Engineer: 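Would you mind keeping the following structure in view while I ask a few things?
Protein chains get the first letters and strands the later ones, always in sequence-line order, with residue 1 at the start of each. Note that these values count all heavy atoms, side chains included, but never hydrogens, waters or copies made by symmetry. Since this is a predicted model, take the numbers as computed values, not measurements.
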Amino acid sequence: MTQNKTILTIKNLHASVGDKEILKGLNLTINQGEVHAIMGPNGSGKSTLANVLAGKPNYTMTKGSVTYLGKDLSKLEPEERAQAGIFLGFQYPVEIPGVNSMYFLRAALNAQRKARGEEELDGMDFMELIEDKLELLDMDMSFLKRAVNVGFSGGEKKRHETLQLCMLNPLLAILDETDSGLDIDALQIVSRGVNAIRGTDRSIVLITHYQRLLDYIEPDFVHVLKDGKIIKSGDKTLALELEKQGYAGLTSAA
Amino acid sequence: MSNKRQAELTAAKEMAQAYADSFAGYAPLPALSAWLGKQTAQAKDTFVKLGFPTTRTEEWCFTNIAPLARQAFHAPQKQAVNGAVISEAKLVKDAVTLVFIDGRLNYDLSEITNLPNGVTIAPLSQGAGLLDDAKKAKILNTTASLEAANTAFLTDGYILIVADGVTVKTPIELVFVGTGNQSASHIRNFISVGKNSKLELFETWTSSNNPDNIYWHNSVCDIILADGSKLAFTRQQSEALQAFHTATVKTTVGKDATFTGFIANLGSKIARTEWQTTLNNSGSRVELYGFSLVGKGQHHNVTTHTNHTAPNTSADQLFRNVVADSGHGVFMGKYHVLPVAQQTDAAMLNQNLLLGKKAKADSKPELEIYADDVKCSHGATCGSLDEGALFYLRSRGIDEMAAKAMLTEGFIDDLILKIDNAQAKELLHSRIHRWLQTTKRVG
């Protein structure tokens, strides 16, 4: 895990949601092929980090810099970030009534392909591409006919996020509490999807509360976020330590 | 009475008088003249006495039809229309089709060879004799000004009768084409669905290509659903953008019968559709759905009035408007529940999506309930696109304009699912898609 190309460099990042400053000097470097887990107590800024990276309106960078593949990320619109290979797996996927999943996925995939100068996929090519991904995630074809996230159970929503992850095949996947609200079976399925896209050219940021997810997706690095900063980094054993001691124990040690 | 109000009412009457004067030499088709008898003159008196509706009347408070009333309309002249106009406009390709050009039946463009057994369909000018005098008297007796105008200046219409116990497999579609030339067509339709029978009916209101056509389609439709019957009635209003469309659909729903009405409002400068429904027996049900895509300079009004006059009746209504630019969408709905109508179960919702700063929507859902054991709800929402959903789509690489169009399309597409017919669904979907693509209405 060394000397790979740097994908993302976050330096002294300060960010606010509305008027409230949440991130207060965060530093993080992610290289190609690495899996980073970010853990931390409620309100520490984990989801804020994910949303700032994806470009959610009202999440403002106030200080510091985020460089993605050599570009200033703050200059890019959310869709441009996605087209450049950033994917955010939502903690709470949004319902889109009247838009079925197939239509949505194809529009997203083709928008990205078009932006990269690749040919758009027709219905047949698309189906071919999605078939084995559905199988991997234990999903039925009928899923694609349902309106995006409308009436989906918690597990279905997360599987749908994972399906998008597998289809869009990003360079940098940021998965915001993908494990929340999942039973053990669904957790295994979602992890299977994430592991399927794991590879030397892909970087993954896992935001989670629990060690449990990391049993299935083994991280290269674990970071602890507290009060808007990374207060400790280590390898996967750090997560185990946290599981035993809790964040409180760690703070006193830090 | 204030001076201003007085002046407005006087003007409305003067315009009605002017309209009547310009039609002084007009006589309905001979068969209709004979059928209507004295009704023609009486209706003309009623119309002139009432005048055109004004915004001073409760039912028209959001809809100013002075631009219509001020037009110098003429009686329709015979106009040729290309068959491609019909096939382009129709919702259901293989439907039994009657085509009316400026309110007059055109045999050549119609397709009735596939008429199913148990179905009688004819232009009113040929089939009016099928209505008995009691029905005729009830139909023609009116206190509404535009209905009176409809009788007074009747062009033609259709009569459709489905016998008892018939499930009509082939849908029926009526296509009404306005050719412009300031023509005013007053169209009267009568539909009767027999006991336990089922029918899918479509009406398409359109123009012969030129979007600047000015004409007026003023229609009144009377529907009787016998016990246990089902009628799904979808109206596609895609008139020319300078045209006027006023319609009243009056339905009486029998025991355990269901009426499903759908309005797709796309065209017209001013369009108003009023659904009057009476649920007068146990198990009577009405479902009214529809959408309006209201663009620059357009006004769409959907008004519903539902009378619950017997115990154990139900109703469901959902209308969605997308209003862009300087468009104006209006919904007015009322459930009127009589003391006898216990166990009424009725829901009403109007949702408006405003896409521009000048876009406007008025909504007036109402309940008037005199029974004490009922379940009735009503509501209205008005807003712009959901920011969370917009970000979700953009975070997947879909650019902002496309994401907005997709959400808007979804808002309406959701409603099209209420239509059973796959062809009609598909066609309306593509109309919506085109509406969103043709101009930058979203932004």
Side-chain angles (χ1 to χ4, degrees), chain A residues 50-51 53-59 76-101 103-116 118 145-151 157 160-161 163-165 167-170 173-174 176, chain B residues 262 264 289-293 318-322 349-353 355 381 383-419 422 425-426 428-433 435-437 442-443:
Chain A
N51 284 315
L53 293 178
K56 187 170 182 171
N58 208 29
Y59 284 68
L76 301 181
E77 295 293 329
E79 55 268 36
E80 292 171 324
R81 299 179 194 204
Q83 289 158 5
I86 294 180
F87 176 91
L88 171 63
F90 281 59
Q91 183 181 1
Y92 304 109
V94 184
E95 294 188 5
I96 317 230
V99 177
N100 75 46
S101 175
Y103 181 62
F104 158 69
L105 265 171
R106 219 179 114 192
L109 184 62
N110 278 336
Q112 296 204 9
R113 291 179 69 95
K114 200 173 158 189
R116 291 194 295 261
E118 298 166 24
K145 294 196 175 128
R146 294 168 67 185
V148 174
N149 295 322
V150 177
K157 282 183 180 167
H160 189 239
E161 291 294 294
L163 176 67
Q164 294 172 50
L165 168 72
M167 286 298 286
L168 297 172
N169 209 4
I174 303 152
D176 189 8
Chain B
F262 192 103
Y289 307 115
F291 67 83
S292 291
L293 303 181
L318 175 61
F319 291 94
R320 287 189 174 157
N321 300 328
V322 174
L349 183 60
N350 168 232
Q351 296 172 302
N352 296 284
L353 182 57
L355 296 180
T381 62
S384 48
L385 290 168
D386 176 32
E387 291 295 336
L390 196 57
F391 173 61
Y392 189 73
L393 295 181
R394 293 178 72 192
S395 78
R396 297 302 181 246
I398 299 168
D399 72 51
E400 193 177 356
M401 288 296 288
K404 282 181 173 177
M406 194 182 278
L407 291 177
T408 307
E409 208 169 307
F411 177 69
I412 298 297
D413 257 1
D414 213 23
L415 205 58
I416 296 181
L417 299 176
K418 304 280 189 190
I419 300 174
K425 231 185 290 203
E426 184 58 38
L428 284 175
H429 169 81
S430 64
R431 296 251 200 279
I432 294 161
H433 191 75
W435 186 83
L436 286 165
Q437 301 299 319
V442 190

Engineer: Among A:N58, A:V94, A:N51, which residue satisfies the side chain to side chain contact (heavy atoms under 4.5 Å, CB included) criterion with B:F391?
Structural biologist: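 Testing B:F391 for a side chain to side chain contact (heavy atoms under 4.5 Å, CB included) against A:N58, A:V94, A:N51 leaves exactly one candidate, A:N51.
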
Engineer: Would you mind checking which part of A:V148 comes under 4.5 Å of any heavy atom in chain B, side chain (CB onward), backbone (N, CA, C, O), both or neither?
Structural biologist: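 Just the side chain, heavy atoms under 4.5 Å.
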
Engineer: What part of A:P170 gets closer than 4.5 Å to chain B, counting heavy atoms only: side chain, backbone, both or neither?
Structural biologist: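 For A:P170, neither part sits under 4.5 Å from chain B.
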
Engineer: Residues in salt bridge (Lys or Arg N to Asp or Glu O under 4.0 Å) with A:R81, at least two apart?
Structural biologist: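 Residues passing salt bridge (Lys or Arg N to Asp or Glu O under 4.0 Å) with A:R81: none at all.
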
Engineer: If I compare all heavy atoms of B:M406 with all of A:A107, which pair ends up nearest, and what's the gap?
Structural biologist: CE-CB, 3.3 Å

Engineer: Is the shortest side-chain heavy-atom distance between A:I96 and B:L407 below 4.5 Å?
Structural biologist: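 Sidechains of B:L407 and A:I96: in contact.
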
Engineer: Distance from B:I398 atom CD1 to A:L109 atom CG, nearest 0.5 Å?
Structural biologist: 10.0 Å

Engineer: Can we say B:R396 and A:E161 salt-bridge, meaning some charged N sits less than 4.0 Å from an Asp/Glu carboxylate O?
Structural biologist: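 Yes.
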
Engineer: Let me know which of A:E79, A:E77, A:K114, A:E80 forms a side chain to side chain contact (heavy atoms under 4.5 Å, CB included) with B:D399.
Structural biologist: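 Filter result, single survivor: A:E79.
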
Engineer: Using heavy-atom distances under 4.5 Å, tell me whether B:E387 contacts chain A through its side chain, its backbone, both, or neither.
Structural biologist: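 Contact with chain A is absent: no heavy atom of B:E387 under 4.5 Å.
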
Engineer: If I compare all heavy atoms of A:A111 with all of B:G397, which pair ends up nearest, and what's the gap?
Structural biologist: CB-O, 3.3 Å

Engineer: I need the residue from A:Q164, A:Q112, A:Q83 with the largest number of non-hydrogen atom pairs under 4.5 Å to chain B.
Structural biologist: A:Q164

Engineer: Assign the ring pair A:F104 / B:Y392 to parallel, tilted or perpendicular, where the plane angle (0 to 90°) is split at 30° and 60°.
Structural biologist: parallel

Engineer: A:A54 versus chain B, heavy atoms under 4.5 Å apart: side chain, backbone, both or neither?
Structural biologist: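 Both parts, heavy atoms under 4.5 Å.
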
Engineer: Kindly give the heavy-atom pair with the smallest separation between B:S395 and A:A82, and that separation in Å.
Structural biologist: O-CB, 3.3 Å

